[in-house]
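The next block holds one structure in the form of structure tokens; read it before the comments.
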Protein chains: 2
Amino acid sequence: MNNNCEVCFYRSFLFDNLEKKEFALLSLARKEIDYKKGEIIVREGEKISDFLYLKEGLLKVYRTVGPRKEQIVGVAKPMDFVGLLSVFSKSNYQYSISTLEDSSVCAIPLDLVKQMVHSNGDFANTLLKKMSEMNDQILNARLDINLKNLRGRTAYILLMLSKEVYKSEKFDLPVSRKEIGELIDMRTENVIRILSEFRNDGIIKIEGKGIEIVDMERLEQISEFG
Amino acid sequence: MNNNCEVCFYRSFLFDNLEKKEFALLSLARKEIDYKKGEIIVREGEKISDFLYLKEGLLKVYRTVGPRKEQIVGVAKPMDFVGLLSVFSKSNYQYSISTLEDSSVCAIPLDLVKQMVHSNGDFANTLLKKMSEMNDQILNARLDINLKNLRGRTAYILLMLSKEVYKSEKFDLPVSRKEIGELIDMRTENVIRILSEFRNDGIIKIEGKGIEIVDMERLEQISEFG
DNA sequence: TGGGTATTATGATATATATCAAGATTGTTT
DNA sequence: AAACAATCTTGATATATATCATAATACCCA
């Protein structure tokens, strides 16, 4: 953990256009907080005071829909700027955020971000672009999922985890079967059933949370065509 | 149609923080284009050169998913800044846009908008807020729809048209039953069936495209609980 | 004005998905 | 280590939704 934003590895993704004195402000004002797996970072309804920014780990963004039902909006990895979701439109969080893995989050006072948007045009344009990209990604994921049947959705989520999150065909599921269901709109039992089906067809190997994708091509076909 | 953005009724929603000379630039650079109902304004894949802004009418934002299947992302009325969707993240449109009613659209060169973001901090913050609001709205609509059964979805779309678009319990459907299905993920036959069901239960009156909501409370209950 | 095409409509049937049930496994607390 | 809770698993069944078929009506245009 370093304490100077100017030399932070992640700066290039959003903060590349800041000036010396802005980096100084940022380094001073930001807080870096470490969370253990399973902790809740943000609760729906809480006041938004900071701009959150995932440095390391994996987050789950979700909302509570019934007394005991959750709907997962998305999973966010570093660089995903999940904090950008509705940060500029609402004064209170619409979604809760929890950690799926040990994570470390940078919190920058929202006022400071707005101030930098105001004073630094390049930063403003970069932020607009990042925000737009993130929203696109989330929306497109939902639209895609809506078109797929259960097999397609299950394949989709496995591919997403393999390609976007873990960059490996072998990984541990960061979530329970129930949570997978909440993410791609299906029942726990069906998630399990279809994973078993994939296993029986020799497409994946399963060992508890451990997944290995054996036949990537086949899985891509299923994701595409159901 | 007036030609000076400074005195345009709609300016207050986004362009309230511009300076005299920026209004002058805007008035000069923008184009106002009128479309008849059913025309296509933007085709998926086309280069984005302008920031589009609906002054009057109703738009449908959609994407083509199969050889002959469409998925409607949303319906946009004036003030909805539908053009903001992915304008800052992509260089080509991801979605098509067509008119559901006679419409008039303002087109502002994207370069000019970016330039104004750069030079005018208040404008930048306002734009961030509007963009965030629009994305929230679209995403929330999709998340809500996903939770509802077919009856709930059908009720939801009728309420949306009544409350948000036409501000009246009596209105003409701007879309076919097929398009309603594309918007809320259901089959044409089921849209028709459920509308008939609502009619038979005395909740709405139907006359071709004409809809009158008779029992608003009931419809709200159905939208909420299915 | 007619003939073609898209839309609206309803019924019968098939299919996908949810629900219910019950047991096995894993994880957590005392 | 025992006891409890949560998760995972599979099978049987119910339910919601899609699909197929057919007809009536509205709409377009040559």
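Below, chains carry the letters A, B, ... as their sequence lines are ordered, and counting in each starts from 1.
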Checking all strands, does [X] fall into the base, sugar-phosphate, or nothing category for heavy-atom contacts under 4.0 angstrom?
X        : answer
B:Leu150 : sugar-phosphate
A:Ser196 : sugar-phosphate
B:Arg199 : sugar-phosphate

| field | A:Glu56 atom CD, neighbour heavy-atom count above 12 within 6.0 Å | value | no
| said: Around atom NZ of B:Lys205, are there more than 12 heavy atoms from other residues, nucleotides or ligands closer than 6.0 Å? | reply: no
| field | Donor + acceptor pair across side chains of B:Asn146, A:Gln71 (<3.5 Å) | value | no
| task | Please find the earliest and latest nucleotides of DNA chain D, in the 5' to 3' direction, that have an atom within less than 4.0 Å of any heavy atom of chain B. | result | D:dT17 to D:dC20
| field | Any B:Arg177 side-chain N or O less than 4.0 Å from OP1/OP2 of C:dT8 | value | yes
| How would you list all residue pairs meeting salt bridge (charged side-chain N to carboxylate O under 4.0 Å, His left out) that involve residues 159-178 of chain B, not counting sequence neighbours? | B:Lys163-B:Glu220, B:Lys178-B:Glu182
Please list every donor-acceptor pair under 3.5 Å in which a side-chain atom of residues 151-158 of chain B meets a protein atom from a residue at least two apart or in another chain.
| residue | atom | partner | partner atom | Å |
| --- | --- | --- | --- | --- |
| B:Arg151 | NH1 | B:Glu197 | OE2 | 2.5 |
| B:Arg153 | NE | B:Ile145 | O | 3.3 |
| B:Arg153 | NE | B:Lys148 | O | 3.0 |
| B:Arg153 | NH1 | B:Ile184 | O | 3.2 |
| B:Arg153 | NH1 | B:Asp185 | O | 2.8 |
| B:Arg153 | NH2 | B:Lys148 | O | 3.2 |
| B:Thr154 | OG1 | B:Leu150 | O | 2.8 |

| query | Pick from A:Leu110, A:Val42, A:Leu85, A:Ile33: which one makes a side-chain contact (heavy atoms from CB on, under 4.5 Å) with A:Leu52? | reply | A:Val42
| note | B:Leu173 CG to C:dT7 P, in whole Å, measures 14 Å
Whether the side chain of [X] engages the backbone of [Y] through a donor-acceptor N/O pair (distance < 3.5 Å, no angle test) should be reported.
X        : Y        : result
A:Asn140 : A:Asp136 : yes
B:Asn149 : B:Gly226 : no
B:Thr99  : B:Lys36  : yes

| Can you tell me how far CD1 of B:Ile108 sits from CZ of B:Arg30, rounded to the nearest 0.5 angstrom? | 8.0 Å
| query | Could you give the angle between the helix axes at the two ends of the helix from C:dT1-D:dA30 to C:dT30-D:dA1, with five pairs per end, rounded to 10 degrees? | reply | 50°
| said: Less than 4.0 angstrom from a charged side-chain N to a carboxylate O is my criterion; do B:Glu133 and B:Lys129 meet it? | reply: yes
| query | Quick one: do B:Asp144 and A:Arg63 make a salt bridge, cutoff under 4.0 Å? | reply | yes
| note | In numerical order, the residues of residues 200-209 of chain A whose heavy atoms come under 4.0 Å of DNA chain C are none
Pairwise N/O distances under 3.5 Å, protein to nucleotides 19-26 of chain C:
| residue | atom | partner | partner atom | Å |
| --- | --- | --- | --- | --- |
| C:dT19 | OP2 | A:Arg187 | NE | 3.1 |
| C:dT19 | OP2 | A:Arg187 | NH1 | 2.8 |
| C:dT19 | OP2 | A:Arg187 | NH2 | 3.4 |
| C:dT19 | O4 | A:Arg193 | NH2 | 3.0 |
| C:dC20 | N4 | A:Glu189 | OE2 | 3.3 |

| query | Parallel, tilted or perpendicular for A:Phe171 and A:Tyr166, by the 30°/60° rule? | reply | parallel
